[in-house]
Amino acid sequence: MSAQAPPPIPTRIAPIQTAVDILDSLPGGSVVLSKVEYLLNWSRAASLWPLTFGLACCAIEMMAAWAGRFDLDRMGVIPRATPRQADCMIVAGRCTIKMAPIVRRLWEQMPEPKYVISMGSCATCGGPFYYDNYSILKGIDQVVPVDVYVPGCPPRPEALIEGLLKLQEKIKAEPFLRRAVPA
Amino acid sequence: MSWALVERLRERFPEVEPFPREAPHEAGAPVGRPGRHEARGPTYHTPGAFVPAARLLEVARVLRDEAPFGLDYCSFVTGVDRPEQDLVEVVYHLFSMDERHELLLKVRVPRRDPRVPSVSALWPAANWHEREAYDLLGVVFEGHPDLRRIMMTDDWEGHPLRKDYVYQEPRWLVDLGAQRQREIEGLRLGDRA
Amino acid sequence: MEALATRAWEAVAGLYAGLRVTFRALVGRKNTVMYPLQKVNVAPRWHGLLALPVDPETGSDKCIICFQCERVCPDRCIHIEAGGKGKDRLLTRFDIEMDKCCYCGLCVEVCPTEAIVFVPHYETSTYNRANLVYDLDDLRRAAPKEPIAHGVVAMRGRP
Amino acid sequence: MALRTEELMLNMGPQHPSTHGVLRLVVTLDGENIVDVVPDIGYLHSSVEKMMEYRTYLQNVALADRGMDYLTALANEEGYLLAVERVGRIEVPPRARYLRTIMLELQRLSSHLVWLGTWGIDLGATTVFLYCFRERERILDLFEQATGGRLHHVYFRPGGVYEDLPDGWTDRVLAFCDEFLGRVDEYHELLTGNPIFLARVQGVGVLPRDRAIAMGACGPVARASGVDFDVRKAFPYEAYGELAFDVPVFQEGDCFARYRVRMEEMRQSVRIIQQAIAKLPDGEIRSKVQVNVKLPRGEAYARTESPRGDLGVYLVSEGEDAPYRVKIRAPSFSNLFALTEMMRGWKVADVIAILGSVDIVLSDVDR
């Protein structure tokens with residue numbers, strides 16, 4: 001993977017921006033806007049489809065979270081195997097330097113808005129592989145931006161669910177329409 | 001049984017040097033103190049022998065095909081880097097599925113230019129193990145069908161399991177880190193870190 | 001024709017056997033824990049968050065600043081600093097980087113005074129990695145309120 | 001007339017839902033027929049052999065859990081500690097040996113359950129996954145009560161185990177064992193009687209006995225090809241020499257044989273656990289070994305039967321408190337090498353079935 005040009009400074013998508021600005025200037029428009037925004041965020045948060053980037057041990061606990069005991073499906077969290085259909089990416093496990101460009105590439109293929117959950121110590125900062133190690137990436141946030149960190153080695157499935165709930169809270173509180181989107 | 005095997009091998013190839021035999025366990029010796037064992041040199045708990053690199057293929061063929069040995073299973077091939085003696089020990093573990101006996105072979109090669117004939121033609125299982133030893137220790141297996149790096153990326157520099165290996169972050173990762181830094185700076189506070 | 005009939009019968013029988021198992025599971029005991037509303041009790045030995053319990057008698061830390069946990073930690077995620085001399089030796093810093101921690105429990109094992117313990121708490125996800133560095137106050141707060149068993153012997157006999 | 005078409009390279013992975021980890025398979029296809037498969041590994045190489053050289057013998061136990069096969073953490077600890085105890089001549093008390101045996105067999109059950117569940121998903125039998133994980137959660141609960149960890153336990157120590165069992169644990173295990181035998185029958189009902197499942201696995205991916213030995217296959221893969229070799233029988237360690245159990249061996253060498261070997265192994269594991277609990281002696285659980293134990297100079301190769309096969313640890317000690325060199329002979333690494341042999345000549349749809357039947361864990365392959 002070669003060095004890439006720096007990304008352009010984030011701008012808003014022009015038509016939406018114009019519509020938002022017009023609505024905002026109308027009397028009562030901002031109230032309508034916030035209601036629409038609430039609806040959008042609520043639906044986004046309630047159907048969080050993650051790309052299951054299972055790399056190592058945490059992937060097993062991630063699988064267990066979808067199995068009968070914890071049953072993540074009941075929260076509208078349905079695993080996707082392709083980045084094109086995913087809202088967020090659960091990076092579960094240690095990521096090697098050999099794997100890092102692939103994580104980045106799959107993250108780039110996800111449509112905006114996209115989120116990343118870093119599951120486990122290894123994905124968060126290299127964990128037990130932090131020292132004396134030549135092949136593990138010291139934290140997935142060197143490669144992709146991370147929204148929620150779930151510590152644990154590996155975290156219990158409940159901890160992953162809690163991380164997903166945290167992400168849902170974050171999505172619900174987000175100024176979705178007024179937010180900066182990379183062009 | 002297996003130590004007798006080493007003797008048989010010695011009869012066949014006089015230049016093969018057996019491992020020193022395991023010293024008997026002293027009753028009441030403190031656990032986990034090097035102390036008294038230290039003077040005697042290392043003890044080997046698995047039977048085996050040192051083989052000169054030039055005779056390796058010949059020895060290996062006898063070990064695999066001929067009657068008292070019949071070692072048809074190659075468990076692993078690896079290396080031990082010993083910078084203070086300026087050598088790399090290439091270790092082979094052989095096993096017989098029928099006779100249930102095992103044997104370690106060690107080949108000592110100079111550290112600067114470690115070259116060993118490949119045994120992957122005799123034991124196909126050694127193929128990947130030799131690639132791994134090449135990747136991580138830089139041992140060149142002559143006559144190997146496909147001697148490429150197996151664990152690290154193809155453009156990796158150095159052999160990580162060498163004792164004097166110094167880790168350097170690859171160039172692209174440093175660049176990507178710088179790019180991530182710019183991404184973070186481009187975002188407003190509270191957007192995403 | 002007969003072979004076809006046999007195959008058809010096999011298919012139906014196989015399907016029936018499978019569905020019978022599914023039906024048994026359908027009417028059987030429910031397995032799912034409705035997590036955020038309902039939580040399972042983790043085992044007392046569960047390697048959860050680390051904490052520094054306060055000695056209920058003296059009201060101070062149990063830590064005697066022997067640095068054993070810092071030394072044994074395979075991830076080097078414990079950082080201890082102490083000031084003062086002799087009897088006035090005081091813990092000035094006790095940081096555990098919970099993001100690096102691998103929850104192996106070696107620090108709990110080597111601690112001679114049970115000053116560092118596991119608490120069965122696992123919901124620690126956060127938006128910012130910096131929050132995962134637990135300092136002395138965080139670790140004291142994480143400690144269970146009721147006194148934990150005293151002494152190594154008592155600890156070994158935990159349920 | 002056979003229709004020849006241009007060969008097509010199909011790249012599966014490294015991020016692919018059915019490669020059981022970060023494995024990349026470069027499949028060369030002629031139409032739908034597999035001409036060649038080249039596994040590309042190293043995407044999870046965690047350099048654990050290097051790291052072990054910098055950590056003490058005790059710390060390496062924690063590393064052996066994670067750096068090696070993560071589904072069988074206790075089997076890794078066992079393999080590593082067996083080498084340590086051989087070099088250091090550390091005695092393990094009888095109770096600890098039995099405790100280890102029970103834990104190892106529970107670990108084998110949980111590992112095989114993950115294999116069965118994920119292979120079921122690969123083959124389109126999604127429900128099996130739910131059933132297998134239901135039982136696996138029971139085992140993990142038992143682990144959690146005894147060791148404190150679900151996946152990574154750090155329970156074994158040089159010269160014994162960390163803690164004694166909690167009260168009533170053995171009764172819970174025995175109750176689980178009784179129930180589990182019925183569950184295995186259920187899995188058989190779900191899969192073995194299912195004609196769709198049989199059509200996908202019976203006679204597929206045949207590995208003959210001589211090729212299995214030459215390619216270095218081990219564990220259930222080799223036993224499905226007629227190699228009657230189990231380290232627990234051939235080189236008994238821990239309490240296995242004192243317990244009665246059978247080693248299932250099948251001659252066919254196809255996916256179905258590998259499936260049956262593992263299903264039978266689950267029953268045998270239950271048998272071992274029941275016997276070990278019945279025979280569980282009282283006494284010490286750990287011999288006196290210092291925290292920073294220093295081993296005498298020497299080297300040993302210890303072989304254990306991990307759920308995936310012949311796990312060997314070759315340990316060289318130079319008299320320090322850390323090993324000089326650790327080589328982990330990973331069973332998945334050898335079994336994955338034999339994959340090419342199994343796949344050649346089959347259809348592209350069989351790739352998943354064969355790969356799943358080998359039961360690799362990429363953390364074990366790459367280490």
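As a basis for the values below, the full set of heavy atoms in this structure was taken, side chains included, without hydrogen atoms, waters or symmetry mates. Chain A is the first sequence line, chain B the second, and so forth, proteins listed ahead of strands; every chain is numbered from 1.
For C/Lys100 (side chain) and A/Tyr130 (main-chain N/O), no donor-acceptor pair under 3.5 Å exists by modelled atom type.
Of the listed residues (A/Cys125, A/Ala159, A/Gly120), the one with the most heavy-atom contacts under 4.5 Å to chain C is A/Cys125. Note on C/Thr126, C/Asn131, C/Leu49: by heavy-atom pairs under 4.5 Å with chain A, the leading option is C/Thr126. Ranked by heavy-atom pairs under 4.5 Å with chain C, the first of A/Ile161, A/Asp71, A/Leu160, A/Leu165 is A/Ile161.
For A/Met75, the part lying under 4.5 angstrom from a heavy atom of chain C is the side chain only. For chain C, no part of A/Pro155 is nearby; none of its heavy atoms comes within less than 4.5 Å.
With rounding to the nearest 0.5 Å, the separation of OG in A/Ser118 from CZ in C/Arg129 is 8.5 Å.
The shortest distance between side-chain heavy atoms of A/Arg74 and C/Tyr35 falls below 4.5 Å. Put simply, the side chain of A/Tyr149 reaches to within 4.5 Å of the side chain of C/Leu132, judged on heavy atoms. Using a 4.5 Å heavy-atom threshold, the side chains of C/Tyr127 and A/Val148 count as touching.
A pairwise comparison of heavy atoms in C/Tyr103 and A/Ser121 identifies CE1-OG, 4.3 Å as the closest pair. Annotation for C/Trp46 and A/Arg156: closest pair CZ2-CG, 3.2 Å, computed over non-hydrogen atoms. Nearest heavy-atom pair across C/Thr124 and A/Glu162 is N-OE1, 3.6 Å. Of all the heavy atoms in C/Cys101 and A/Cys153, the pair that sits closest is O-CB, 4.1 Å. For the pair A/Glu158 and C/Tyr122, the tightest heavy-atom approach, listed with the atom from each and the gap, is CB-CE1, 3.4 Å. Scanning both residues, C/Ser125 and A/Pro151, for their nearest heavy atoms gives CA-CD, 3.8 Å.
Counting heavy-atom neighbours within 6.0 Å of A/Tyr38 OH, excluding the residue itself, gives a total of 12 or less. The 12-atom threshold is exceeded at CZ of C/Arg20, counting heavy atoms of other residues, nucleotides or ligands nearer than 6.0 Å.
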Tell me which donor-acceptor pairs under 3.5 Å the side chains of residues 58-68 of chain A have, and how far apart each pair is, sequence neighbours excluded?
unit_1  : atom_1 : unit_2   : atom_2 : d
A/Glu61 : OE1    : D/Arg150 : NH2    : 3.3
A/Glu61 : OE2    : D/Arg150 : NE     : 2.7
A/Trp66 : NE1    : A/Asp73  : OD1    : 3.3
A/Trp66 : NE1    : A/Val77  : O      : 2.9

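Heavy-atom proximity under 4.5 angstrom to chain A picks out C/Asp75, C/Arg76 from residues 74-83 of chain C.
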